[in-house]
Amino acid sequence: MANSKYEYVKSFEVEDEIVLPHVIVVRLHARDFLRFCKAHELRRPYDEEALDLMNSCAEFVQRKYPDILFSYGFNDEYSFVFKKKTKFYERRASKILSLITSCFTSVFVDKWKEFFSGRELKYPPSFSGQVIVCATVDVLQHYLAWRQHECYIANQYSACFWALVSHGRTEKEAEDILKDTKKQEQNEMLHQQFNINYNNLPKIFRWGSCVLLMEVEAIVKYDNDGCPVKRLKKQISTVHSQDIARRTFWNQKPSLVKELGSFVEDIKRIDKDYIKYFQSEAKLMPYTWAVIRIDGCHFHKFADVHKFEKPNDEQALKLMNECAVGVLDEFREVIFSYGVSDEYSFILKRSSHLQRTNPSDIVSSVVSLFTSMYVMKWKAFFPLTDLVCQPSFDGRVVCYPSTEILRDYLSWRQVDCHINNQYNTCFWMLVKSGKSRSDAQQILKGTQSQEKMELLANNFGIDYNTIGEMLRLGSSAFWEEENGCSKIVVQHCNIIDDGFWGAHPCILA
Ligand code: DGT
Ligand code: MG
Ligand code: MG
């Protein structure tokens, strides 16, 4: 399809390929899990259903993306370890991060009712994440040791904290009592004051969970006497081990050793520099316009499976708009957003404090919240269609140095909307009139905008300019003052010309 004069804005997209021989790990965790636990009355210090749901989501993600060899999770977090030579999404960090976070969120919302029947989700849960790049298997080993150590520390603390609270202390008092206490003291407190032996609490809570491909005995058939015939089968399973970063665990898993290497020796102490490295993150360029663009993953298939109308399904577009409104409502520093087809761009205020947090956090949080809302709101827009597969989105963040270039970015997206919509309208009119898809393609090859307008008018009596604005112009969601109060509006307007920006001088102020 034709290129527009705005395409140059693509050159601001930074290359974020993680080169070999680095191992890619994606870690995600729930955003504001405390609020989520309270709103959904999850049991403390641990809720087995919630942990099972997390494990079930991790198994799903791992089954869907076989390049993930191993995952480890506890509480509200999960880490996914890719095989060393993965080509997944051309090893592009933000794509991998956003897609895994989105997929996990989608499954979490979709499976919620399986684990919590009768308990509605009160609001869309979301996750944020980061990519950890491990240069050697030793770094990976340290990472896993660190996360499992955190699991132990966090959960022992949590066991004490909730024991104190359930015995009448306020949360603040419990916090003060536990301040600066050591592992041993916490153990004694549990034992002596509350008669709890920490070591008897469930392994899923104390050690966390690993998901990996295991050889398990499975019944393949029954013989003539009705006895089960068992064979070893490879299957993605969840296990609980105390020693995920030790040789005794790791080196006995052939698939891990083959793809990632073996552990040479056990870690005696987790190196502080490694932890600092795992926690380090880049920042966005200050005083630039940061745009987070998300895009549906394989939406041509998703649209087919869910029988979206061609070329445009109004309900699908309205669902996208509704999710964008939710993003604006939650992230108040998003000042404008523009969506078309399966994509949405969110613009952050230039001096936003979100810009000072890390880019991974912003991209993964926005993608996750958007996905979560898409799944939760699906039935409101498609009451007669079940979700047969979970939608996911990928995302990236790009910084544009001037308002002029930002406007060119938005123009690029709106021109794209126009070009695609005009083409698709012609294409599907031709197909609906009996032409084969390849004939329709042939007819449209090399045609200019004017010729397409004429084709529609002469062959089908359609004046392109009367087609719905949402389809021709895409959707803009932004905050607007109305009678003294601010509210989020969705409009379908020309954002290329100066008119819109002149009428809304505050947006890009
Ligand atoms: P990707 O983004 O590389 O994972 O692949 P896709 O398949 O998501 O491709 P993309 O994002 O370039 O194009 C969006 C696809 O989504 C396009 O093939 C048509 C489909 N789609 C989006 N909105 C609608 C709609 O309203 N109706 C129908 N029938 N299809 C739609
Ligand atoms: Mg797409
Ligand atoms: Mg797209």
Side-chain angles (χ1 to χ4, degrees), residues 1-4 6-7 9-10 13 61 64-65 67 87-92 94-103 105-106 291-324 337-346 363 366-367 370-371 374-375 377-378 380-382 384-385 387-398 409-410 412-432 437-438 440-441 444 467-475 490 492:
M1 264 171 229
N3 288 340
S4 73
Y6 302 114
E7 301 254 337
V9 296
K10 277 205 269 190
E13 295 175 2
V61 170
K64 180 157 178 181
Y65 300 113
D67 274 14
K87 294 261 167 53
F88 188 57
Y89 265 68
E90 287 132 27
R91 301 180 65 95
R92 283 180 290 169
S94 71
K95 287 258 183 183
I96 295 172
L97 169 68
S98 52
L99 195 65
I100 297 300
T101 315
S102 177
C103 178
T105 311
S106 202
V291 178
I292 299 136
R293 182 169 83 244
I294 69 166
D295 185 283
C297 179
H298 302 322
F299 254 52
H300 64 282
K301 192 162 156 236
F302 185 84
D304 275 354
V305 169
H306 295 96
K307 305 205 166 35
F308 281 10
E309 276 178 36
K310 290 176 188 335
N312 292 296
D313 189 300
E314 294 222 9
Q315 284 306 101
L317 295 174
K318 284 182 179 159
L319 171 56
M320 292 288 289
N321 292 343
E322 179 83 3
C323 297
S337 64
Y338 175 73
V340 42
S341 178
D342 65 339
E343 73 168 59
Y344 239 101
S345 299
F346 298 95
V363 175
V366 168
V367 164
F370 194 95
T371 311
Y374 197 97
V375 179
K377 290 175 187 284
W378 174 265
F381 289 81
F382 294 95
L384 304 177
T385 313
L387 257 185
V388 291
C389 59
Q390 286 83 359
S392 44
F393 294 82
D394 66 52
R396 60 164 81 222
V397 59
V398 183
Y409 168 81
L410 289 168
W412 173 47
R413 296 324 302 140
Q414 193 162 45
V415 167
D416 216 47
C417 165
H418 169 75
I419 293 172
N420 288 334
N421 189 57
Q422 214 182 33
Y423 181 93
N424 290 338
T425 307
C426 293
F427 179 85
W428 287 107
M429 284 313 295
L430 288 166
V431 171
K432 282 175 191 168
R437 289 183 185 209
S438 60
Q441 231 167 24
L444 293 170
I467 288 177
E469 286 183 322
M470 178 165 70
L471 319 182
R472 280 186 296 118
L473 299 168
S475 303
V490 178
H492 316 291

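One-based numbering, in listed order, for ligands and for the atoms of each. All values below were derived from every heavy atom in this structure, side-chain atoms included, with hydrogens, water molecules and symmetry-related copies excluded.
What you find for I467 and L471 is that their closest heavy atoms are CG2-CD1, 3.9 Å.
A side-chain N or O of T371 and one of S102 form a donor-acceptor pair less than 3.5 Å apart. A side-chain donor-acceptor contact under 3.5 Å links S475 and N321.
Within the 3.5 Å criterion, the main-chain N or O of N420 finds a donor-acceptor partner in the side chain of N424. Within the 3.5 Å criterion, the main-chain N or O of F381 finds a donor-acceptor partner in the side chain of Q315.
Ion pairing between a basic and an acidic side chain is recognised when a charged N comes within 4.0 Å of a carboxylate O; R413 and E343 show such pairing. With salt bridges taken as basic N to acidic carboxylate O contacts below 4.0 Å, one links D304 and K310. A salt bridge links E13 with R293: at least one charged nitrogen is closer than 4.0 Å to a carboxylate oxygen.
Ring-plane geometry between F427 and Y423 is classed as parallel, the angle between the planes falling under 30 degrees on a 0 to 90 degree scale with a further cut at 60.
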Which pairs of nitrogen or oxygen atoms, taken one from ligand 1 and one from the protein, are under 3.5 angstrom apart?
unit_1: ligand 1; atom_1: 2 (O); unit_2: D295; atom_2: OD1; d: 2.7
unit_1: ligand 1; atom_1: 2 (O); unit_2: G296; atom_2: O; d: 3.0
unit_1: ligand 1; atom_1: 4 (O); unit_2: H298; atom_2: N; d: 2.7
unit_1: ligand 1; atom_1: 7 (O); unit_2: F299; atom_2: N; d: 3.1
unit_1: ligand 1; atom_1: 7 (O); unit_2: H300; atom_2: N; d: 3.0
unit_1: ligand 1; atom_1: 7 (O); unit_2: H300; atom_2: ND1; d: 2.4
unit_1: ligand 1; atom_1: 8 (O); unit_2: G296; atom_2: O; d: 3.0
unit_1: ligand 1; atom_1: 8 (O); unit_2: F299; atom_2: N; d: 2.7
unit_1: ligand 1; atom_1: 8 (O); unit_2: D342; atom_2: OD2; d: 2.9
unit_1: ligand 1; atom_1: 11 (O); unit_2: D295; atom_2: OD1; d: 3.0
unit_1: ligand 1; atom_1: 11 (O); unit_2: D295; atom_2: OD2; d: 3.4
unit_1: ligand 1; atom_1: 11 (O); unit_2: D342; atom_2: OD1; d: 3.1
unit_1: ligand 1; atom_1: 11 (O); unit_2: D342; atom_2: OD2; d: 2.9
unit_1: ligand 1; atom_1: 26 (O); unit_2: D313; atom_2: N; d: 2.7
unit_1: ligand 1; atom_1: 27 (N); unit_2: E309; atom_2: O; d: 3.0
unit_1: ligand 1; atom_1: 27 (N); unit_2: P311; atom_2: O; d: 3.3
unit_1: ligand 1; atom_1: 29 (N); unit_2: E309; atom_2: O; d: 3.1

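Near-neighbour remark for the Mg ion (ligand 3): protein N, O or S atoms under 2.8 Å are D295 OD2, D342 OD1; waters not counted.
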